[in-house]
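Heads up, the thing below is written out as structure tokens.
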Amino acid sequence: MPELPEVETTLRAISSFSGKKILSSKVNNPNLRWKVNKNFDSIIRNIQIKNIHRRAKYIIFSFKEFYLLLHLGMSGTIRIANKSSNYFKKHDHVELVFKDQKIIYNDPRRFGSMHIIKDLDSHFLLSNLGPEPLSKKFNSKYLNHLCSSSKTSIKSFIMNQKNVVGVGNIYASESLFMAKISPLRPASSLKLDECKALVKSIKAILRNAINAGGTTLKDFYSADGNAGYFKVRLKVYDRESKKCKRCDALINKIIQNQRATYYCNKCQS
DNA sequence: CGAAAAACCTGGCAGC
DNA sequence: TGCTGCCAGGTTTTTC
């Protein structure tokens, strides 16, 4: 489900909890991608959240002496409920209880995680991540330099979080379409001006998706319960055999690294 | 070593 | 109705 825009949308929906105190918590199922800490509740109860921010597709709650790392995986969502609400959904794994409300983490496939860690920079899940796509560090010179030594396809290259974070399967296809670059091209074959176009496209696609509140395909809803509206703006993803929105060809679907890729064979080269 | 494939899970849907 | 097989927005681990 969530790529960077969906994570960013989720972050914004819960950012008002920054500064608030967690009164208690409830772990219904600790068996997530990374096991929820054994003494989770005793660690986290009665402490104040200093701030909440995002790094790559992780949402990070900072406390005085540790951090709570949240990843939504493929199917995770956060929702905000009234504290008194007893409405329980299947796959509600962890709840953080505040004075009036609670934050509930739901994830059918359990590819996501929620656990407490001591350090951020040295943590193995965070230490090998590439630059944020919307930062100045992610620019054409950087991409061109990194590309030059990789012969993997440009599509899987930009989905590799070591190279740049936040670009998942949907936005990889969309970005390459906007940049008019074939997803099959070896990364090392990209010229500087193509890297420039690709960087520009990735930034534009992600910004647009964030502004639309993310993409809802199957099960993504923001924590405020709203669907994301970026789906209506998708140009190639999930449009196999439909007419290209830029020329008259039909959109192709291929499988790269076991993931679906959509592209126009005529205007992407 | 880098790159590709498998693995972790559940739910939904197409086809029989 | 119900079974089987396949697909899904991610990322780590294993294999080649």
[X] side chain N/O closer than 4.0 Å to the phosphate oxygens (OP1, OP2) of [N]?
{"X": "A:H71", "N": "C:dG10", "answer": "no"}
{"X": "A:S75", "N": "B:dG11", "answer": "no"}
{"X": "A:K57", "N": "C:dT11", "answer": "yes"}
{"X": "A:H91", "N": "B:dC9", "answer": "no"}
{"X": "A:Y171", "N": "C:dG9", "answer": "no"}

* When the nearest nucleotide of DNA chain B is assigned to A:K90 and to A:S149 on a heavy-atom basis, which residue is associated with the more 5' position? ->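 On the 5' side of the pair lies A:S149.
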Looking at the side chain of [X], which of [options] is the nearest nucleotide?
{"X": "A:K151", "options": "B:dG11, B:dA3, C:dT11", "value": "B:dA3"}
{"X": "A:R109", "options": "B:dA4, C:dG9, C:dA8", "value": "C:dA8"}
{"X": "A:R33", "options": "C:dT11, C:dT12, B:dG11", "value": "C:dT12"}

Check the distance between [N]'s [atom2] and [X]'s [atom1] and give it to me in whole angstrom.
{"X": "A:H115", "N": "C:dT11", "atom1": "NE2", "atom2": "P", "answer": "14 Å"}
{"X": "A:N163", "N": "C:dG10", "atom1": "CG", "atom2": "C1'", "answer": "16 Å"}
{"X": "A:L70", "N": "C:dT11", "atom1": "CG", "atom2": "P", "answer": "12 Å"}
{"X": "A:H93", "N": "B:dT10", "atom1": "NE2", "atom2": "P", "answer": "9 Å"}
{"X": "A:L32", "N": "B:dC9", "atom1": "CG", "atom2": "C1'", "answer": "11 Å"}
{"X": "A:M74", "N": "B:dA7", "atom1": "CE", "atom2": "C1'", "answer": "12 Å"}
{"X": "A:E6", "N": "C:dG10", "atom1": "CD", "atom2": "C1'", "answer": "12 Å"}
{"X": "A:Q161", "N": "B:dA3", "atom1": "CD", "atom2": "C1'", "answer": "17 Å"}

* Asked: Could A:K253 and A:D238 be called an ion pair, given the rule that one side-chain N must be under 4.0 Å from one carboxylate O?
  ->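 No.
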* Asked: Going by an N to O cut-off under 4.0 Å, is there a salt bridge joining A:E3 and A:K57?
  ->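 Salt bridge between A:E3 and A:K57, a charged N being under 4.0 Å from a carboxylate O: no.
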* Asked: What residues join A:F88 in its hydrophobic cluster, counting side-chain heavy atom gaps under 4.5 Å, either direct or through other members?
  ->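 So far as hydrophobic clustering goes, A:F88 is joined with none.
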* Asked: What residues join A:L125 in its hydrophobic cluster, counting side-chain heavy atom gaps under 4.5 Å, either direct or through other members?
  ->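 Listed partners: A:W34, A:Y58, A:I60, A:Y67, A:L69, A:I117, A:L120, A:F124, A:L126, A:L129, A:V165.
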* Asked: After noting the C-alpha distance and the side-chain angles of A:K243 and A:D248, does the key distance pass the side-chain contact (heavy atoms from CB on, under 4.5 Å) rule?
  -> CA-CA 6 Å; A:K243 206 169 167 188; A:D248 55 1; 4.1 Å; yes
* Mark yes or no for a side-chain to base donor-acceptor pair under 3.5 Å between A:R110 and B:dC9, with no hydrogen or angle criteria applied. =>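 It does not, because no donor-acceptor pair links the side chain of A:R110 to the base of B:dC9 below 3.5 Å.
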* Ring-face cation contact, A:Y262 with A:R239, 6.0 Å cut, 45° max ->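 The answer is no; the distance or angle limit is not met.
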* What is the minimum heavy-atom distance between A:C244 and A:C264, and which atoms define it? ->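 That closest heavy-atom pairing would be SG-SG, 3.8 Å.
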* State, to 0.1 Å, how close A:F138 and A:V199 come at their nearest heavy-atom pair, and which atoms those are. =>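 Here A:F138 and A:V199 meet closest at O-CG1, 3.7 Å.
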* Could you list by number each residue of residues 116-129 of chain A showing a heavy-atom separation from DNA chain B of less than 4.0 Å, or answer none if no residue does? =>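 DNA chain B contact set from residues 116-129 of chain A: none.
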* To do: Evaluate whether the aromatic ring of A:F111 and the six-membered ring of the B:dC8 base sit under 5.5 Å apart, centre to centre, with an inclination under 30°.
  =>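 The ring of A:F111 is stacked on B:dC8.
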* Asked: What distance separates A:S85 OG from A:I104 CD1, expressed to the nearest 0.5 Å?
  ->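 That separation rounds to 6.5 Å.
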* **Nearest-0.5 Å distance, CE of residue A:M74 to CZ of residue A:R33** =>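 Separation between the atoms: 12.5 Å.
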Can you list, pair by pair, the side-chain donor-acceptor contacts under 3.5 Å of residues 180-187 of chain A, counting residues two or more places apart and other chains?
from	atom 1	to	atom 2	distance (Å)
A:S182	OG	A:L184	N	3.1
A:R185	NE	A:S189	OG	2.8
A:R185	NH1	A:E194	OE2	3.2
A:R185	NH1	A:S269	O	3.0
A:R185	NH2	A:S189	O	3.1
A:R185	NH2	A:E194	OE1	2.7
A:R185	NH2	A:E194	OE2	3.3

* To do: Evaluate the ring planes of A:F63 and A:F66, with Trp represented by its six-membered ring, and classify them as parallel (under 30°), tilted (30 to 60°) or perpendicular (over 60°).
  =>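 Tilted, since the angle between the ring planes falls between 30° and 60°.
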* Asked: Distance only, no hydrogens: is a donor on one side chain within 3.5 Å (strictly under) of an acceptor on the other, for A:D107 and A:Y105?
  ->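 Yes, side-chain donor-acceptor contact under 3.5 Å.
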* Which residues in residues 253-260 of chain A have at least one heavy atom lying under 4.0 Å from any atom of DNA chain C? ->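 Residues of residues 253-260 of chain A under 4.0 Å from DNA chain C: A:R259, A:A260.
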* Asked: Of all the base pairs, Watson-Crick or G-U under 3.5 Å, which form stems of three or more consecutive pairs involving DNA chain B?
  ->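 Stems for DNA chain B, defined as runs of 3 or more consecutive pairs: B:2-8 with C:10-16, B:10-16 with C:2-8.
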* To do: Rounded to whole angstrom, note down the P distance from C:dT11 over to B:dC1.
  =>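 One P to the other, the span is 23 Å.
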